[in-house]
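For reference, the structure discussed in these notes is given below.
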Number of protein chains: 2
Amino acid sequence: MSERVVPPDARRRRRPTKQGVVLSEELIIETALRLIEEHGTDALSVRRLGHALGADPSSLYRYFRHTDDLMLAIADELIGRTLRSWRPTGDWRADLWDLGLRMHAGALAHPRAAVLSAYRVTGRLHEIQAVETILGVLRDAGFPDGEAVRIYHAFVDQNLAFGALDSANSALPRAAREAEADVWRDTYARLPADTHPHIAATARHLAHSMRHSSYPAALDLLLSAAAARLENGRGDAGAD
Amino acid sequence: MSERVVPPDARRRRRPTKQGVVLSEELIIETALRLIEEHGTDALSVRRLGHALGADPSSLYRYFRHTDDLMLAIADELIGRTLRSWRPTGDWRADLWDLGLRMHAGALAHPRAAVLSAYRVTGRLHEIQAVETILGVLRDAGFPDGEAVRIYHAFVDQNLAFGALDSANSALPRAAREAEADVWRDTYARLPADTHPHIAATARHLAHSMRHSSYPAALDLLLSAAAARLENGRGDAGAD
DNA sequence: GTTAACAGGTCAACGGTGTTGTCATAAGGT
DNA sequence: ACCTTATGACAACACCGTTGACCTGTTAAC
């Protein structure tokens, strides 16, 4: 057997499938993203993807070694899209707020890719662009190098971590997710005040707040703390 | 068919399996945790768990409706273990700092389980205890209800999210993790200053910072922003 | 043009997964 | 000692990712 996966630029023969589709890395990624968007996370399997493409599932292994590789390719594409949709204004805090929310939304739109890629450093094109861009925003804002890196690190990891968390949650089967909402309304909201005073006192707030992601709140806290440090000129406290 | 799952206290007949094991919810959870820790996340399947228990896989459905239910039970057990090791002092910021680090460490100590359970609401005993405790710390500190809930939510989710993120990373095969460190030293540190000025300027900081978790930094930022709001009396700004 | 090589699509199979309907049996209340 | 029924066992279903072998249309070279 010759090498199964051939790098994109080495591909010469564009042979159509039985159903007349000419495969390509791009087409596969596009179709995968469409599948996820239209029919949910669970709709993405090699077999379904093959079917949606009009090709035998095993054909995909001519383009990607494993499903993992496909996921990383999708993730990189997502980073690129998010970055392209973002227009910095020069106000560092507003720009990072906007970028954070955009990246988070992008992750939520493609949960499986988000979960898989959150804890990996790919070193691919779009990822490098993102690092350079975010570091630029922070350094231009006046953060000294060590502090800029520290805040960059916290910002990115917080974003990835929440992206994966909320994605994993949203990827739950519909029934399971509704059951979770019920837990807050039924179990927690009914705890008696004498045994659980704090929950009882805030039950209404809890039932409401827990329905949404806390990422915006967490991001706001992070940026506001960073702003405070910048104002206090405490930025260069450490050499990290 | 009678109801498949019977609540624990309604169980009367302790019938041993063919291999002589007497099943119970506790034994199943214990065995599942052991399986995850010893052989990795992928080792946990209904079939493997059944085998490890010395029982037919389908027997487990007498104790848990789905694998989901099993995951929730595992998650709750982990929460309980962490909470029991924590002693509050009355200083809300120090207490939450300590609790955050403990929970994060607990997640890292059981990486595979942490990844599985991070995004679930269990509604079980230990989780309820944790909610009540953390809300109590915040309300006693003087945060009004809406703000207490908002900060509770951000605190907990950030903790779970980073726990899962760092766990997933630490659970990578050794070779893969070293390869990631190399990306920062080789790929990023070698980008030319004219195309990637910000990365080039901070390469040394990056290579150092990216080797560690940014959770302590993120937690510190969160708590410091919360403290600022408490001081400014801005706590009741929103009704949530 | 003809031809020969081989990239790339297809097929069938392997071993895994969660889950369920049905059956058998031993435990425990009476 | 009996009868009910809880609960474990079995077999089957429909999926999953992945791979080795096969076949054929495309393409480059002549």
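In what follows, every chain begins at residue 1, and chains take the letters A, B, ... in the order their sequences are listed.
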Presence of salt bridge, B:Lys18 and B:Asp56, under 4.0 angstrom: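 Salt bridge: no.
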Cationic N near anionic O, under 4.0 Å, B:Glu25 to B:Arg124: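 Judged by the 4.0 Å cut-off on N to carboxylate O distance, B:Glu25 and B:Arg124 do form a salt bridge.
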Between A:Glu127 and B:Tyr188: side-chain donor-acceptor atoms closer than 3.5 Å: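 Yes - a donor-acceptor pair under 3.5 Å links their side chains.
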Donor-acceptor side-chain pairing of B:Asn159 and B:Tyr215 below 3.5 angstrom: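 Distance-only check passes for B:Asn159 and B:Tyr215.
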Side chain to side chain donor-acceptor pair (under 3.5 Å) partners for B:Ser214, two or more places apart: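 Scan of B:Ser214 (side chain to side chain donor-acceptor pair (under 3.5 Å), adjacent residues dropped) gives A:Asp157.
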Roughly how many Å is it from [atom1] in [X] to [atom2] in [N], rounded to a whole number?
| X | N | atom1 | atom2 | result |
| --- | --- | --- | --- | --- |
| A:Ile28 | C:dG8 | CD1 | C1' | 11 Å |
| A:Tyr63 | D:dT18 | OH | P | 18 Å |
| B:Lys18 | C:dC23 | NZ | C1' | 13 Å |
| A:Arg62 | D:dA21 | CZ | C1' | 10 Å |
| B:Asp56 | D:dA11 | CG | C1' | 10 Å |
| B:Asp68 | C:dT17 | CG | P | 17 Å |
| A:Arg15 | D:dC22 | CZ | P | 16 Å |
| B:Leu60 | D:dC10 | CG | C1' | 15 Å |

Short side-chain to backbone donor-acceptor contact, A:Thr17 and A:Val21, under 3.5 Å: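 Confirmed, A:Thr17 side chain pairs with A:Val21 backbone.
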Using a heavy-atom cut-off of 4.0 Å across all strands, would you classify [X] as base, sugar-phosphate, or nothing?
| X | value |
| --- | --- |
| B:Thr17 | sugar-phosphate |
| A:Phe64 | nothing |
| A:Ser58 | base |

Out of C:dT19, D:dT18, C:dT10, whichever nucleotide has its closest atom nearest the side chain of B:His66: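 So the nucleotide nearest the side chain must be C:dT19.
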Distance below 4.0 Å between A:Ser59 side-chain N/O and C:dT10 OP1 or OP2: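 The answer is yes; a side-chain N or O of A:Ser59 sits under 4.0 Å from OP1 or OP2.
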5'-most by nearest nucleotide on DNA chain C - B:Pro16 or B:Leu44: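 In this pair, the answer is B:Leu44.
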Residues in contact with DNA chain D, drawn from residues 45-54 of chain B - heavy-atom cutoff 4.0 Å: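 When residues 45-54 of chain B is checked for heavy atoms under 4.0 Å from DNA chain D, the hits, listed by number, are B:Arg47.
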Neighbour count above 12 (heavy atom, 6.0 Å) for A:Glu37 CD: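 It does: A:Glu37 CD has more than 12 such atoms within range.
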